Student: 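This is the structure I have questions about; it appears just below.
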Amino acid sequence: MNNTTDTKQGAASRLGFFYTRILKWVFFTLAIGLVLLSFENESGVRAEYLFMGTPVLVVFYALFLHANRKSSTPVRKRQTLEWLYWIAAIWLLPWAALRLFFGVFEIYAALFHLQAGFGSAADFTTVLAIIASTIIVLIAFHATLVLARKFPLPRLALLAAIVVVIAVNPLNKYMVEQQFRAAASDYLLPELVTPEVVGTPERLPNLVIIYLEGMERTYRQAEAFGPAYAPISRLEDEAVTFEQIGQLPLTEWTMAGMVAGQCGVPLVPRGFFQKNRANDGSVFMPGSTCLTDILRAQGYRLENLTGGDKDFGGLAAFVASHGNGAFTDYQQLDEVPGRAPDDWQWGVGDANMFDAALARIGALEAGDQPFSFILQTAGPHGPKGHIAAPCRRPGEAQVSNSILRPLECTAQLTEAFVRNLQNTVDMDNTLIVLMSDHFAHPFVNVADTLASYERRNTVMFIGAGATPRRITKPGTMIDVFPTILATMGFDMATDTAGFGVSLYAAQPGNFLRDDPETLARVFRQDIDLANALWRSE
C-alpha cells in the first residue's frame, strides 16, 4: 500500500513539476511571442486572427497566472516600482495596441487623425479588433511583470523593464518635441511663398484632379507587380509625365498628400497639447493659400467627390476652409442605375464613384462657368483592398488580402474614366491631373517588395497645356501645386508656391532630399511655421 501511495505521490510530484516549471513558460512564451511576432510583421495582425486568438490566449494566460500564483518577492517591496511600471505601460498601451493591429504607422499621422476624426472608418469590426489588440498587449505587459519577479534581483529587473517601456514609447518623444518646440524660422518660414497671380490665360481652363489611392509609380515594375499598373502606364504616352516625384516627411497619408499637392506645404502638426495648439481644427490651415483658394478667386466653380468618407481625417474641414466647394462622399452617392450595390462600411466602389463623377462633370461642362473637379479613389487603400463590381471575376470576393487586384481594378477603371472624359469635355480647355496621394501604406501585402525599389509617386497631366513628354527633374508632391498653376496658364509672380517649385522651372526645389530625418524633425518642431499655417487671426 505504501509503495503504491509513494508511486502516486511521485507521479503527482513529476506532474506538478511539469505544470509549474514547463507549462508556465509555454504560456509566457505564447503571450510575449505573439506580440513580438506581430511587431515583426509590418502589416499588422488581421482582425479575424485577433478575434480567434484572443480568447485562446486569455485562457492560456489564466493557466500561466495560476502556475505563478506564488511570488518570491513580498508585495510591499515591489509596490512603488510596480506602480511606476504600470504607469509607463498604460502610457505605451495605445501605441502598442494600434501597432499590433495596423502594423507600422507614423505617430504624427495617428495623432493628426485623433484630432481630425475618423468618420465612419472606425467601424464595429475595427473597434473590436483594437479592443482585442489591447487585451493582448495588456497580457504581454503583465507577463513581463511576472517574469521580472522571477529574476534573482526582481527590483532591478523591474526597473530595467520600466526604462525599456519608456524608451520605446514614441509618445514620449512627441511630448518632448511639442513642449519644447524650437522656433526654426530662420530655416523654413522665410522660404514659404504665398502664390500671387499676376496674369491669367485668355480662356480659363477647366481642371479635373484624380487622386489614385496609394497607386505610386513604383508599381510600374511589371516584373514584381505584374500588369496591375499597366492601364496607367498606357496613359503616359499622351501625358506630361513626371518620373521622379518622391515623398517628403509629413506627406505620407491621404490628407497630408492632398495638402502637399494643393498647397505646397507638408501637413505640419498644429499641436496636440493646449500650450502648442494653433486652433481647434475646425478651420484647416487658414494661413496657407491653396489651389482652390486661387481658383475660387478667379471665378471657378469648385466641386469634390470622394469614394470614402469626407469626415475622415479633416477632409471636409480642408475643403470648407479653402474655396468652400461642394462636396459629395460615399454617403451621398446614389446607386448608379443599372449597377449592383457596391459599397462597404466607409466607402463605395470606384466604378460607381467614377460613374457619378462623369455624370457631374458632364453637367458642369454644359455650364458657362470654369470648374475644378477633384475626386478620390478608395479601392486600393489597404491593408485589404476592395475590388469594384465590374472587375470581379465569377465568385471573387469584393475584399482582397492582396492589394494588387484592387489596384489593377482601379487602374483599369481610371483609364476608362479618362477615355470617357475625353469624349465628354473639351480637351483643348480641360486639364486632367492624375496623381497618387502618397506612397502605398506600409501595411499592404507587397510593402517589402515596394521598399526594394526607388519609390516614386504617380504624377501626370493630360489635356490643355500638357504637351506629352517625360520630365525627370527630381521633385516631391509640394512641387505639384505650382506646376498645376503653370500648366493651366496662370502667370505667377514666382515659380514658387508654398514651399514647392514648379517642375518646369530651371531652379531646383527648395529642399535637399538627402537628409529626410533632419527635414522631418524641422517640420515637426518649427513652431513659427505651425503658427503661420494654423493660426486663425
Side-chain angles (χ1 to χ4, degrees), residues 195 197-212 215-220 229-246 260-262 264 291-292 294-295 298 300 357-358 361 364-365 370-375 411 414-437 456-498 500-509:
V197 178
V198 295
T200 60
E202 183 176 341
R203 186 183 180 195
L204 293 173
N206 299 317
L207 174 65
V208 178
I209 297 178
I210 307 168
Y211 281 102
L212 304 172
M215 201 180 294
E216 58 183 275
R217 197 170 190 267
T218 319
Y219 283 116
R220 200 171 186 270
Y229 191 84
I232 306 301
S233 293
R234 289 192 288 268
L235 293 173
E236 290 185 353
D237 295 335
E238 55 199 271
V240 177
T241 303
F242 302 92
E243 298 183 335
Q244 298 295 324
I245 306 302
Q262 294 185 47
L291 175 64
T292 46
I294 292 173
L295 297 183
Q298 296 298 323
Y300 276 71
L358 187 65
I361 291 172
L364 293 171
E365 175 74 11
F371 65 86
S372 162
F373 196 93
I374 300 173
L375 60 121
T414 300
E415 182 186 28
F417 174 73
V418 170
R419 299 301 178 213
N420 288 331
L421 202 58
Q422 289 171 324
N423 294 324
T424 301
V425 301
D426 177 6
M427 288 303 298
D428 290 333
N429 194 50
T430 302
L431 176 65
I432 303 173
V433 175
L434 294 96
M435 55 181 164
S436 50
D437 49 356
R456 293 292 181 261
N457 270 303
T458 296
V459 179
M460 66 178 75
F461 298 171
I462 299 173
T467 304
R469 62 193 186 279
R470 296 178 184 268
I471 293 179
T472 58
K473 177 182 177 181
T476 65
M477 296 305 287
I478 65 171
D479 300 314
V480 173
F481 174 31
T483 309
I484 291 175
L485 291 172
T487 307
M488 294 179 73
F490 288 103
D491 188 11
M492 308 302 293
T494 70
D495 290 323
T496 301
V501 177
S502 171
L503 293 163
Y504 303 131
Q507 69 187 93

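The first residue of the sequence shown is numbered 1, and numbering continues consecutively from there. All values below come from the heavy atoms of this structure, side chains included, with hydrogens, waters and symmetry mates left out. Because the structure is predicted, anything quoted here is derived from the model rather than measured.
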Student: Between Val208 and Leu375, does the side-chain contact (heavy atoms from CB on, under 4.5 Å) criterion hold? Intermediate values first, please.
Tutor: CA-CA 8 Å; Val208 178; Leu375 60 121; 4.1 Å; yes
Student: Check Gln262 against Tyr211 and note the closest heavy-atom contact, atom names and distance.
Tutor: NE2-OH, 3.1 Å
Student: Going through the checks in order, is the side-chain contact (heavy atoms from CB on, under 4.5 Å) test met by Ile209 and Leu291?
Tutor: CA-CA 11 Å; Ile209 297 178; Leu291 175 64; 3.8 Å; yes
Student: How many angstroms lie between atom OG1 of Thr424 and atom CG of Leu358, to the nearest 0.5 angstrom?
Tutor: 4.5 Å
Student: Working to the nearest 0.5 Å, report the span between CZ of Arg470 and CD of Gln244.
Tutor: 11.5 Å
Student: In the structure I gave you, are the side-chain heavy atoms of Phe481 and Pro195 within less than 4.5 Å of one another anywhere?
Tutor: yes
Student: Between atom CD1 of Ile462 and atom CD of Glu236, what is the distance when rounded to the nearest 0.5 Å?
Tutor: 9.5 Å
Student: Might you point out which heavy atoms bring Glu415 and Pro231 nearest each other, and give the distance in Å?
Tutor: OE1-CB, 3.5 Å
Student: Answer yes or no: is there a side-chain heavy-atom contact under 4.5 Å between Val240 and Tyr504?
Tutor: yes
Student: CG of Leu485 to CG of Asp491: how many Å apart, nearest 0.5 Å?
Tutor: 11.0 Å
Student: Determine the minimum heavy-atom distance between Leu204 and Gln298, stating which atoms define it.
Tutor: CD1-O, 3.5 Å
Student: Once you round to the nearest 0.5 Å, how far does CE of Met215 lie from CG of Asp437?
Tutor: 10.0 Å
Student: Compare all side-chain heavy atoms of Phe373 with those of Asn206 and state whether any distance is below 4.5 angstrom.
Tutor: no
Student: Between Ile361 and Thr430, does a side-chain contact (heavy atoms from CB on, under 4.5 Å) hold up when you go through it step by step?
Tutor: CA-CA 11 Å; Ile361 291 172; Thr430 302; over 6 Å; no
Student: Does any non-hydrogen side-chain atom of Met492 lie less than 4.5 Å from one of Val197?
Tutor: yes
Student: Do Thr458 side-chain atoms and Arg217 backbone N/O form a donor-acceptor pair below 3.5 Å?
Tutor: yes
Student: With distance as the sole test, does Thr483 use its side chain to make a donor-acceptor pair with the main-chain N or O of Leu503 at under 3.5 Å?
Tutor: yes
Student: So do the side chains of Ile245 and Met435 get within less than 4.5 Å of each other, counting heavy atoms only?
Tutor: no
Student: At what distance, to the nearest 0.5 angstrom, does CE of Met427 lie from CG of Leu431?
Tutor: 8.0 Å
Student: Do Met460 and Ile232 touch side chain to side chain, with heavy atoms closer than 4.5 Å?
Tutor: yes
Student: Nearest heavy-atom pair of Met488 and Tyr300: which atoms, and what distance?
Tutor: CE-OH, 3.4 Å
Student: Please name the pair of heavy atoms, one in Ser436 and one in Asn457, separated by the smallest distance, quoted to 0.1 Å.
Tutor: OG-OD1, 2.7 Å
Student: Closest heavy-atom contact between Arg469 and Thr467?
Tutor: NH1-O, 2.9 Å
Student: Mind checking whether Asp479 and Lys473 have side chains closer than 4.5 Å, heavy atoms only?
Tutor: no
Student: Should Arg220 and Glu243 count as an ion pair when the cut-off is N to O under 4.0 Å?
Tutor: no
Student: Are side-chain heavy atoms of Val480 and Phe242 found at a separation under 4.5 Å?
Tutor: no
Student: Apply the test side-chain contact (heavy atoms from CB on, under 4.5 Å) to residues Ile432 and Val425: give CA-CA distance (whole Å), side-chain angles for both, the deciding distance (0.1 Å), then the verdict.
Tutor: CA-CA 11 Å; Ile432 303 173; Val425 301; 5.7 Å; no
